[in-house]
Amino acid sequence: MHWIEKVVEELENYIATTKNKTKQDTIIINGGLSVSGLQHIGRLRGEIIISETVRKLLERKGYRVKQYLVLYTQDAWKGKESQVMSFGDEREGRKYAGWPLIRVPDPKKCHANWVEHYWEDFGGYLDKFTDGKIEVVTTTELYKTKLKDIVKEAINKKEKLRITINKYRGRNPYPEEWIPFEPICDKCGRIDKAKAIKYYPDTEEVEYICENCGHRGKTSIANGKLNWRIEWASIWKVLNIDFEPFGKDHATPGGSRDSCVDLSINVFETKPPMGLAYEWVSLRVNGKEFDMGSSDFLGITPKDWYQVAHPEVLRYLYLKEHPRRKVVIDMTLIPNYYEEFYRAESLYYDAMKTHGNLESLPENEYEIAKTYELSMLEPIPSEKPIQPSYLTIALAVQLVPTDNLAENVVKRLKSSRIIPQELRPFDKKRITDIAWRAKNWVEKYASPQIRFTLLQQLSEELKAKLMYRDLLLRLGEELLKLGENWSEESIKDVMIKVTQGLKDDEKKAFYKEFYIIIIGKEFGPRAAPLIEILGQDFVKKRFIEDLS
RNA sequence: GGGCCCGUAGCUCAGCCAGGUAGAGCAGCGGGCUUUUAACCCGUUGGCCCCGGGUUCAAAUCCCGGCGGGCCCGCCA
């Protein structure tokens, strides 16, 4: 059984017994994110992809399910060094410390505010990484609507609430006169400094004193927030959440998740959702590994990933690994991730072909094939698509003309017989989808070893160093004699003929120079296809004119 | 102080949940491929499975206790 199927089984049990819901009720799944900065792909793991997959599995079992994603837009902007620096101007940045995220301006000035700016490369790609059926809500909206009653409930039950929450605030307990609401100061804009001192039930307002600017004022209970623990438990209640994964930072026994469960049961008198703790995703760059951090602006966004690889491949990496284990992403290994994905795909098709299902597979193979199935976003073709090597395409895109890139890549791979002459629509689509991504990948992440560019001209200095200049020149002449008979095969024959008299190590040295005069490096893509693509004009210029 | 993950071949890891003769990829070595890519094919070397104890006919796998590495929480969210 796949780990996520076990989660779903446990959840079904939880829904039926603890939450007392039946298949007639809608099951609610939730995730939560604070848009404190760069929204990296690590955040897709638990809050988006695991949740979405749990939802789909429930749907397959006949449940009606709704999935939310709550954005904590009312949270205070911490004004961490890295956040301040994103404004470029330190004095400008510092002004917004303590403001609700939603009110902090966009440092790059291209969006309405901070949240919208940093949300774009993540939120804008949600439907590319999932089936798109996720409703995004912000706490800012919720305080104006569904959370309003619970703010009142919290104020009414403040004594019970205070006693419960103070269990977790040992040295910093709330005092007796505490009012559980954190208003935004009308004067200085901070949400983390104004202390509520009196509640007016008739107008649903609180009076407060700001500990930052000293301002004393009155404001609506829609204009602020609850303490984070109370807020989380409140959201569970008003959205009636049944399942919500949480990052490992909340997972400590007696920690945030536990304290919110306590509040939920003992103060709000409601059953908390079933949880699922998950590890964070880290990134490996130049062999060094680090956690991606939102407010540290470290990491790659869903947009970044989408530019170089299929979302399905990332889904595969996340769904394969047990949530308590760390996933390490290394962007230079994208071609390897594709290979792994292809292996899972082959397993899937083999099983379907021989058994008609995955269940007959041995457990370990079942999990891999199942992970593949769960990773897929579009209907899986009945026949196995071709599995073009990402690396091969990455080399091909550097050779062919960039207009109609995919067409040229297909042509290239066909003439090298790397792919079949006849392509089915989904084969063509796969190559096309990889071609432009591989192009981006080569530019952004590929190691220098596989990156190359044609030399625009041959320098005199380089020319003077050549030991096989005459032979290279002869190779050029022989190649040009091919005329109409210009093909990978005939080119290869010419090269064999020209180098026939050489010993092995001489051949090696010759080919080094061959690459040097073309791309300035001692090695490069397969020689014959390279020449074929470059064409006779290039050969004439580089091998004849430049070398003469 | 509390909790989580990891420790298996030179490297990266699978196998552990449901105990039954130690696996893969890469690297190495040998061979092949009329020419190279982080290429392909065939073969092959290599391991007190971190240590100690327990359960068992049988332990990499289950239990207990250590050691080593990484991470989280300790009242911000």
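Because only heavy atoms are used, hydrogens play no part in the values below, and waters and symmetry mates are left out as well, while side chains stay in.
Nucleotides B:A59 and B:G54 have their C1' atoms positioned 11 Å apart, rounded to a whole Å. The gap from the P atom of B:G3 to that of B:G74 amounts to 16 Å, rounded to the nearest Å.
If you check B:C62 for Watson-Crick or wobble pairing at under 3.5 angstrom, you find it paired to B:G54. Remark: B:G23 base-pairs with B:C13; criterion is Watson-Crick or G-U wobble with both hydrogen-bond distances under 3.5 Å. Nucleotide B:G74 has no partner under the Watson-Crick or G-U criteria, as no pair reaches both atom distances under 3.5 Å.
Of the options A:Tyr338, A:Phe341, A:Tyr342, a ring-ring contact (aromatic ring centres under 6.0 Å, His included) to A:Tyr390 is made by A:Tyr338 and by none of the others.
Using a 4.0 Å heavy-atom distance criterion, A:Asn227 is classed as a sugar-phosphate-only contact. Here A:Trp280 lies in heavy-atom contact (under 4.0 Å) with sugar-phosphate atoms only. Residue A:Tyr515 is in base contact, counting any heavy-atom pair closer than 4.0 Å across all strands shown.
Partners of A:Ser264 under the side chain to side chain contact (heavy atoms under 4.5 Å, CB included) rule, at least two apart in sequence or in another chain, are A:Ala233, A:Trp236, A:Thr270, A:Pro272. With sequence neighbours excluded, the residues forming a side chain to side chain contact (heavy atoms under 4.5 Å, CB included) with A:Met467 are A:Glu513, listed by chain and number. Take A:Tyr515 and apply the side chain to side chain contact (heavy atoms under 4.5 Å, CB included) test, not counting sequence neighbours, and it matches A:Ile519, A:Pro525, A:Ala527, A:Leu530.
A:Leu276 has its CG atom 13 Å from the P atom of B:C5, to the nearest Å. One can place CZ of A:Arg229 at 10 Å from C1' of B:C73, the figure rounded to the nearest angstrom. In this structure, A:Asp258 places its CG atom 16 Å from P of B:G2, rounding to the nearest Å.
Residues A:Tyr208 and A:Glu182 have side chains that never bring a donor and an acceptor to within less than 3.5 angstrom of each other. No side-chain N or O of A:Glu345 forms a donor-acceptor pair with one of A:Tyr316 less than 3.5 Å apart.
Relative to the side chain of A:Asp249, the nucleotides B:U35, B:C72, B:U37 differ in distance, and B:C72 lies closest. In the set B:C72, B:U36, B:U37, B:U37 carries the atom at the smallest distance from any side-chain atom of A:Leu395.
Relative ring orientation between A:Tyr96 and A:Trp77 is described as perpendicular, the plane-to-plane angle rising above 60° on a 0-90° scale split at 30° and 60°. Using cut-offs of 30° and 60° on the angle between ring planes, the pair A:Trp232 and A:His250 is tilted.
A salt bridge is absent between A:Arg343 and A:Glu340: the closest approach of a Lys/Arg side-chain nitrogen to an acidic carboxylate oxygen does not fall below 4.0 angstrom. For A:Arg45 and A:Glu321, the salt-bridge test fails: no basic side-chain N is under 4.0 Å from an acidic carboxylate O. Taking the charged nitrogens against the carboxylate oxygens, A:Glu81 and A:Arg94 do have a contact shorter than 4.0 Å, which makes a salt bridge. Electrostatic pairing of A:Arg284 and A:Glu289 counts as a salt bridge here, judged by a charged N lying under 4.0 Å from a carboxylate O.
Near RNA chain B, meaning a heavy atom under 4.0 Å away, the residues from residues 74-82 of chain A are A:Asp75, A:Lys78.
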Polar-atom pairs under 3.5 Å, protein N or O versus N or O of nucleotides 11-19 of chain B: list them with distances, or write none.
unit_1: B:A14; atom_1: OP1; unit_2: A:Arg325; atom_2: NH1; d: 3.3
unit_1: B:A14; atom_1: OP1; unit_2: A:Arg325; atom_2: NH2; d: 2.5
unit_1: B:C17; atom_1: O2; unit_2: A:Lys6; atom_2: NZ; d: 3.2

Identify all pairs in which a protein N or O lies below 3.5 Å from an N or O of nucleotides 39-41 of chain B, and state each distance.
none

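Using a 4.0 Å cut-off, some side-chain N or O of A:Asn172 falls inside it from OP1 or OP2 of B:C76.
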